[in-house]
Amino acid sequence: MWSRAGHTPVAHHPPLPLRRFCLPLVLASLPMMATGEEIAPALQDSWVDFWLFRFFVNAAGYASIVVPGFLLIQYFKRRNYLETGRGICFPVIKSCVFGSEVKSVHQEDGSLPPRAEPTESSTAQQVFKLLFCAAGLQVSYLTWGVLQERVMTRTYGATETDPGEKFKDSQFLVFMNRILAFTAAGLYCALTKQPRHGAPMYKYSFASLSNILSSWCQYEALKYISFPTQVLAKASKVIPVMMMGKLVSRKSYEYWEYLTAALISMGISMFLLSSGPNRHASTVTTFSGVVLLAGYIIFDSFTSNWQDALFTYKMSPVQMMFGVNVFSCLFTVGSLLEQGALLESVRFMARHSEFMAHAVLLSVCSACGQLFIFCTINQFGAAVFTIIMTLRQAFAILLSCLIYGHSVTVVGGLGVAVVFMALFLRVYARSRMKKRSKKLPPGETPVQKV
């Protein structure tokens with residue numbers, strides 16, 4: 001534990017196993033000490049609650065599930081279990097380790113079934129469907145954003161004499177979101193016709209693990225940075241996604257994609273480097289917040305690229321949602337039980353009914369939002385969906401500033417405008433390129449890719 005006066009250790013020393021985590025803690029704290037910033041409240045309470053320590057503890061919990069699973073998969077593959085296996089467990093092991101279908105190499109995007117074309121529906125019906133999908137996305141994700149900031153940055157049970165307590169375990173919130181998404185996807189798959197599933201189940205675990213870590217980084221980052229900063233960082237995901245695409249999938253990109261990525265970088269830099277005259281301590285961008293945002297973007301970029309690779313198997317987006325969330329529930333509940341954090345979080349919910357309502361509503365909004373995503377893309381295509389979600393990001397920044405009092409300078413506002421201008425430019429350029437490519441003869445490309 002650190003003393004407030006000089007950041008020096010107090011007299012007693014932690015046990016030997018805990019000393020291993022002291023060095024990462026000191027290194028992560030140095031940038032804040034050098035700039036004269038106060039250590040965040042999460043550090044003042046107990047360094048055991050510091051994000052770097054929690055990250056390693058969570059990772060150890062996931063490893064306790066991943067490593068035995070990896071060894072089992074290798075064992076069944078070496079034994080050629082697909083040819084020699086028999087018994088009641090054979091179908092389960094075959095589905096989890098080998099799958100039941102060969103990849104479809106002829107599908108170009110494989111990820112989405114053909115978009116539903118309006119057959120006999122009138123224009124009024126199409127407008128109603130579009131408004132319904134847009135309203136569902138906006139309500140789900142705007143509510144989710146407001147609740148996310150409320151849960152992670154405000155206290156519960158505050159009175160005139162008691163300042164209240166903050167909820168600190170981001171992993172429990174990830175678990176709540178995933179178990180409800182798993183339930184919603186399972187019900188959707190059970191009630192609607194889905195393509196025959198062929199991918200080995202264990203392949204979902206890679207996307208699941210990176211998805212859990214990206215969500216955890218997203219929640220933890222709100223302890224150190226403002227919500228508008230986080231929203232803009234999410235808008236910049238296109239940059240690491242392109243980099244990951246180059247590395248993981250060997251993708252090539254067009255020149256306008258690099259141009260819009262540069263504009264997004266410029267706009268975010270303008271926002272981050274601008275400083276408001278009445279900056280509140282909770283909105284100060286700290287070194288830890290930047291690191292967590294970088295972690296969120298990197299993990300999320302890997303998730304999207306790995307899911308693209310998985311879509312080469314025949315599956316629907318809801319099947320993907322179900323498969324990923326199966327492993328997400330397994331990883332998070334296993335880690336929470338190993339740490340004893342599940343019961344602690346449940347006790348916090350019992351003490352604060354307001355937090356229980358926020359956590360449940362947060363999970364409902366997340367699950368409903370994912371279903372609205374699939375519905376919108378299926379009915380109207382990815383371009384319309386991207387426009388709706390870009391508008392949602394702008395509304396989320398405005399709503400956060402109004403409710404929680406974040407200040408944005410003129411330069412910061414211009415930076416936000418540059419980011420959203422670049423995002424809309426990407427949508428416009430992509431739609432133009434698709435129309436142009438349809439008119440060209442087969443084999444010709446409209447723009448050189450690099």
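The figures here come from the full heavy-atom set of this structure, side chains too, leaving out hydrogens, waters and symmetry mates.
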- Between Ile388 and Tyr141, is any pair of side-chain heavy atoms under 4.5 Å apart? no
- Would you mind reporting whether Arg150 and Tyr156 have side-chain heavy atoms less than 4.5 Å apart? yes
- Query: What is the minimum heavy-atom distance between Ser328 and Ile212, and which atoms define it?
  - Reply: CA-CD1, 3.6 Å
- Gap between atom OG1 of Thr303 and atom CG of Leu213 - 0.5 Å precision: 8.5 Å
- Looking at side-chain heavy atoms only, is the closest gap between Phe385 and Asn378 below 4.5 Å? no
- Message: For Asp300 and Gln218: C-alpha separation, side-chain torsions, deciding distance, then whether side-chain contact (heavy atoms from CB on, under 4.5 Å) applies.
- Response: CA-CA 10 Å; Asp300 196 66; Gln218 174 180 275; over 6 Å; no
- Side chains of Phe299 and Trp216 in contact at under 4.5 Å (non-hydrogen atoms): no
- Note on the structure: Looking only at heavy atoms, the pair that brings Leu263 and Ala422 closest together is CB-CB, 3.7 Å
- Answer yes or no: is there a side-chain heavy-atom contact under 4.5 Å between Phe420 and Ile397? yes
- Taking all atoms of both residues into account, what is the closest heavy-atom pair of His406 and Ser400, and its distance? CD2-OG, 3.0 Å
- In sequence, state the C-alpha distance, the side-chain angles, and the governing distance for Phe167 and His352, and then conclude on ring pair (Phe, Tyr, Trp, His ring centres under 6.0 Å). CA-CA 10 Å; Phe167 183 75; His352 305 289; 9.7 Å; no
- Is the closest side-chain heavy-atom distance between Phe132 and Phe372 below 4.5 Å? yes
- Flag the pair Gln126 / Phe380 as yes when at least one side-chain heavy-atom distance between them is below 4.5 Å, and no otherwise. yes
- Message: Show every salt bridge (Lys or Arg N to Asp or Glu O under 4.0 Å) that has at least one partner inside residues 400-429, sequence neighbours left out.
- Response: Glu257-Arg426
- Nearest heavy atoms of Gly289 and Ile225, plus distance in Å: CA-CG2, 3.6 Å
- Note on the structure: All heavy atoms of Thr155 vs all of Gly164, minimum pair found to be CB-C, 4.2 Å
- Query: So, Glu344 and Lys168, do they make that salt bridge, N to O below 4.0 Å?
  - Reply: no
- Message: Taking the ring centre of each residue, are Phe227 and Tyr404 less than 6.0 Å apart?
- Response: no
- Task: Starting from the C-alpha separation in whole Å, work towards a yes-or-no answer on side-chain contact (heavy atoms from CB on, under 4.5 Å) for Ile297 and Ser301.
- Result: CA-CA 6 Å; Ile297 292 172; Ser301 301; 4.1 Å; yes
- Can you tell me how far OG of Ser208 sits from CD of Gln307, rounded to the nearest 0.5 angstrom? 10.0 Å
Would you list the atom pairs, donor with acceptor, under 3.5 Å between side chains in residues 170-180 and any protein atom, with sequence neighbours excluded?
unit_1	atom_1	unit_2	atom_2	d
Ser170	OG	Glu220	OE2	2.6
Gln171	OE1	Tyr62	OH	2.7
Gln171	OE1	Ser335	OG	3.1
Gln171	NE2	Asn58	OD1	3.1
Gln171	NE2	Ser335	OG	3.4
Asn177	OD1	Ser363	OG	3.1
Asn177	ND2	Tyr219	OH	2.6
Arg178	NE	Asn211	OD1	3.0
Arg178	NH2	Asn211	OD1	2.9
Arg178	NH2	Ser215	OG	2.4

- State, to 0.1 Å, how close Ser64 and Glu338 come at their nearest heavy-atom pair, and which atoms those are. OG-OE2, 2.6 Å
- Task: Drop me the distance from Gln148's CD to Ser366's OG, to the nearest 0.5 angstrom.
- Result: 9.5 Å
- Verify whether one side chain among Ser210 and Trp306 offers a donor that lies under 3.5 Å from an acceptor in the other. no
- Task: Would you mind reporting whether Tyr204 and Met320 have side-chain heavy atoms less than 4.5 Å apart?
- Result: yes
- Note on the structure: Taken to the nearest 0.5 Å, the spacing of Leu222 CG from Leu293 CG works out to 8.5 Å
- Evaluate side-chain contact (heavy atoms from CB on, under 4.5 Å) for Met321 paired with Tyr188, printing each intermediate quantity in order. CA-CA 10 Å; Met321 177 180 171; Tyr188 189 93; over 6 Å; no
- Query: At what distance, to the nearest 0.5 angstrom, does CE of Met349 lie from NE2 of His358?
  - Reply: 11.5 Å
- Under 6.0 Å from the CZ atom of Phe70, do we count more than 12 heavy atoms belonging to anything else shown? no
- Task: Evaluate the ring planes of Phe327 and Phe331, with Trp represented by its six-membered ring, and classify them as parallel (under 30°), tilted (30 to 60°) or perpendicular (over 60°).
- Result: tilted
- Rounded to the nearest 0.5 Å, the SG atom of Cys329 sits from the CZ atom of Phe182 at a distance of 6.0 Å
- For Phe302 and Ser214, what are the C-alpha separation, side-chain angles and deciding distance, and is it a side-chain contact (heavy atoms from CB on, under 4.5 Å)? CA-CA 10 Å; Phe302 176 85; Ser214 68; over 6 Å; no
Contacts table for residues 412-419: side-chain donor-acceptor under 3.5 angstrom, sequence neighbours left out:
none

